[in-house]
Amino acid sequence: MPNRLIKWVVRFNQRSFIKITRQTLMLLFPIAYAGALAVMLKKAFFATDSFFYNIANLGDLMPDWLWNGATAFTYGLVKVTFGMFGVMAAYAAARYTAKLYHCDAPMAGMTGFVTMLLVAFRYVRATSDSVISFDWNLLSVRSVLFALIVGYGVGQVYRWLGKSGEPGEQTIETLEKMQQRALNALKPLFFCLTIGAIVGALFNWLTLSTWLNLVYTWLENFGQGNQSLWVAIPLIIVSLLLSWFGIGGPSINTAAQGLTGAAAANLNYALQHGSGWNVPYKYLASTLYSSFANFGGDGVMLALVIALIIVGHQPEVQRLARWNLVPVLFNSSYGLMIGLPVILNPIFLLPYLLLPIANLLLGALAILLHLIPATPYPLPMGTPGPLAAFIGSNGDWEILLFSLVLLVFDVWVYIPFIRLALGVELKTQREKAVASC
């Protein structure tokens, strides 16, 4: 069975779109890692309701100029890296697709870049000619799958409408050669721009962008309010599945959300009675998910990093895991999602979807059996995943032990999937070695 599964995954990874996706994600990993670090710093350090701000009293330790500079830098870095991630993905995907078919990769990449901007352009009346309006959700990390499809489509257009022959990387082209390449790119360029303008018009006039924003917001806020566990579980699965596809991604808005509805009622009860054991709403999906299912972000990525360190003996795997350990500990996991990758990787789909649900249900069962209390207290932003339930219960040591046991269980589940992924990479390398002989 494992050998058959390895063969199927190898064939899946050899499909042109998946191959281009993996190459693109590998290229963009440093950008995603920088964005993940910026999100970690913004959420865990440089926000007034962040974890380290309250523990270390950073507001008093840091002078105002340093605090303002740090918050502005991290905010800007998040916006530039994750806010423009879709544009970079479209460029890289178009370039790699054209290169796969021995077409003009640089021109295809630039065409993918412009096409993505044209699709996201918003036709609104601007107050100044210097103001350009875009749908930033389409250009950001939240729409990576869409950007990959745009870039892949542009590369295919160059395959069918462009002239074959890519520029040599080791030689300096003459001016006449460059002019010929530019003229050959006009037909696929204008075709892509026309399609991009049509798609952009549809997004504007049919308000598709508004609908997408509503879906994003709805899925991000699934646990807010009075939703029960059984109502929220299907929504959690849908949200995780979309995230695995590269839709949604990490929220660029790093502001904390206030307590509403049943969560506020639980907090009021805990403050009045000094305990979370008998709160009126013990099984809220929002508190259960943040306490037990969010170790390292969606998909329990902290367990994946630890499992990689344990069984991933290859030097590049160890480097990837160790570089991502700190940001993942603070629930900023998109560097790992891109660098491994987890996105569109069928090997990690099952644990990515099922482990958060298993943790959530096990936490609910432990509360039902009165093994641990509920977690009604609000969490500071950037709280490390394993400490979330401990802080949310106002320092209950039993719940901390339970969280660590859950984490060990998650690591144990991820280990066979990592070994399977390593087996796929080994078989792929062997096939490449045989093909090159």
Report, as yes or no, whether the 6.0 Å neighbourhood of atom CZ on F191 holds more than 12 heavy atoms from other residues, nucleotides or ligands.
no
Using 30° and 60° as the class boundaries, would you call the ring planes of Y414 and F348 parallel, tilted or perpendicular?
tilted
Would the distance check show the side chain of T81 and the main-chain N or O of L77 forming a donor-acceptor pair, the cut-off being under 3.5 Å?
yes
Between Y91 and T24, is there a side-chain donor-acceptor contact under 3.5 Å, judged purely by atom types and distance?
no
Report the C-alpha distance between L344 and L145 in whole Å, list the side-chain angles of each, state the deciding distance to 0.1 Å, and finish with yes or no for side-chain contact (heavy atoms from CB on, under 4.5 Å).
CA-CA 9 Å; L344 291 177; L145 178 63; 4.2 Å; yes
Check whether any side-chain heavy atom of M40 sits under 4.5 Å from a side-chain heavy atom of L37, and report yes or no.
yes
Gap between atom CD1 of I306 and atom CE of M301 - 0.5 Å precision:
12.0 Å
Apply side-chain contact (heavy atoms from CB on, under 4.5 Å) to L354 and V413, showing your working.
CA-CA 10 Å; L354 298 183; V413 171; over 6 Å; no
Could you tell me whether a side-chain N or O of S239 sits under 3.5 Å from a main-chain N or O of I236, the two making a donor and an acceptor?
no
Verify the distance criterion only: is there a donor paired with an acceptor across the side chains of D49 and N54 at less than 3.5 Å?
no
Taking all non-hydrogen atoms of both residues, which atom of A197 and which atom of L118 are closest, and how far apart?
N-CD2, 3.5 Å
Donor-acceptor contact below 3.5 Å, side chain S333 vs main chain L336
no
Answer with yes or no whether the side chains of Y334 and N324 bring together a donor and an acceptor at under 3.5 Å.
no
Looking at every non-hydrogen atom in both residues, tell me the closest pair between L139 and A120 and how far apart they are.
CD2-CB, 3.4 Å
Compare all side-chain heavy atoms of F121 with those of S133 and state whether any distance is below 4.5 angstrom.
no
Do the non-hydrogen side-chain atoms of L138 and D135 ever get within less than 4.5 Å of each other?
yes
Answer yes or no: is there a donor N or O on one side and an acceptor on the other, between the side chain of S332 and the main chain of A36, under 3.5 Å?
yes
Atom OH in Y283, atom CG in L288: separation rounded to 0.5 Å?
9.0 Å
Quick one: are F17 and T21 in side-chain contact, heavy atoms under 4.5 Å?
yes
For a quick test of reading the model, state the closest non-hydrogen atom pair linking M88 to V80 and the distance between them.
CE-O, 4.2 Å
Keeping the roles fixed (side chain from W277, backbone from A374), state whether a donor-acceptor pair exists under 3.5 Å.
no
Rounded to the nearest 0.5 Å, how far apart are CH2 of W136 and CE of M84?
5.0 Å
Using atom types as modelled and distance alone, determine if a side-chain donor or acceptor of N294 lies under 3.5 Å from a backbone N or O of N331.
no
Do Y158 and T111 have a side chain donor and acceptor closer than 3.5 Å?
yes
Test item: D298 side-chain N/O and L240 main-chain N/O as donor-acceptor pair under 3.5 Å:
no
Distance col, row I338:CD1 vs I343:CD1, nearest 0.5 angstrom, shows 4.0 Å
Would you confirm whether W244, through its side chain, and N345, through its main-chain N or O, come within 3.5 Å as a donor-acceptor pair?
yes
E425: what forms a side-chain hydrogen bond (donor to acceptor under 3.5 Å, both in side chains) with it, not counting sequence neighbours?
R22
Show the numbers, then the answer: is there a side-chain contact (heavy atoms from CB on, under 4.5 Å) between H273 and N278?
CA-CA 9 Å; H273 297 83; N278 296 306; over 6 Å; no
Check the pair N359, F409 against side-chain contact (heavy atoms from CB on, under 4.5 Å), reporting the backbone distance first and the verdict last.
CA-CA 9 Å; N359 283 12; F409 166 75; 4.3 Å; yes
Can you tell me how far CG of D410 sits from CG of L362, rounded to the nearest 0.5 angstrom?
9.0 Å
I need the minimum non-hydrogen distance between I399 and P373, along with the two atoms involved.
CD1-O, 3.5 Å
What's the shortest heavy-atom distance between Q14 and K19, and which atoms?
O-CE, 3.9 Å
Report yes if some heavy atom in the side chain of P188 is under 4.5 Å from a heavy atom in the side chain of R159; otherwise report no.
no
Only one of F203, F85, F245 forms a ring pair (Phe, Tyr, Trp, His ring centres under 6.0 Å) with F146, so which one is it?
F203
Y152 versus S16, side-chain donor and acceptor atoms under 3.5 Å:
yes
In terms of the angle between their ring planes, are F390 and W397 parallel, tilted or perpendicular, with boundaries placed at 30° and 60°?
tilted
Within this structure, what is the CG-OG distance for the pair L360 and S290, rounded to the nearest 0.5 Å?
9.5 Å
For the side chain of S143 and the backbone of S140, is there at least one donor-acceptor N/O pair under 3.5 Å apart?
no
Is there a side-chain contact between L329 and P386 in this structure, where contact means two heavy atoms from C-beta onward sitting under 4.5 Å apart?
yes
Does W67 have its ring centroid less than 6.0 Å away from the ring centroid of F45?
no
4.5 Å side-chain heavy-atom contact, T287 and P376:
no
Side-chain heavy-atom pair R322, Q318 within 4.5 angstrom cut-off
yes
Validation row, ring centre F292 to ring centre F402 under 6.0 Å
yes
Should the pair F52 and F330 be assigned to parallel (<30°), tilted (30 to 60°) or perpendicular (>60°) ring geometry?
tilted
Residues R122 and G200: closest non-hydrogen pair is NH2-O, 3.6 Å
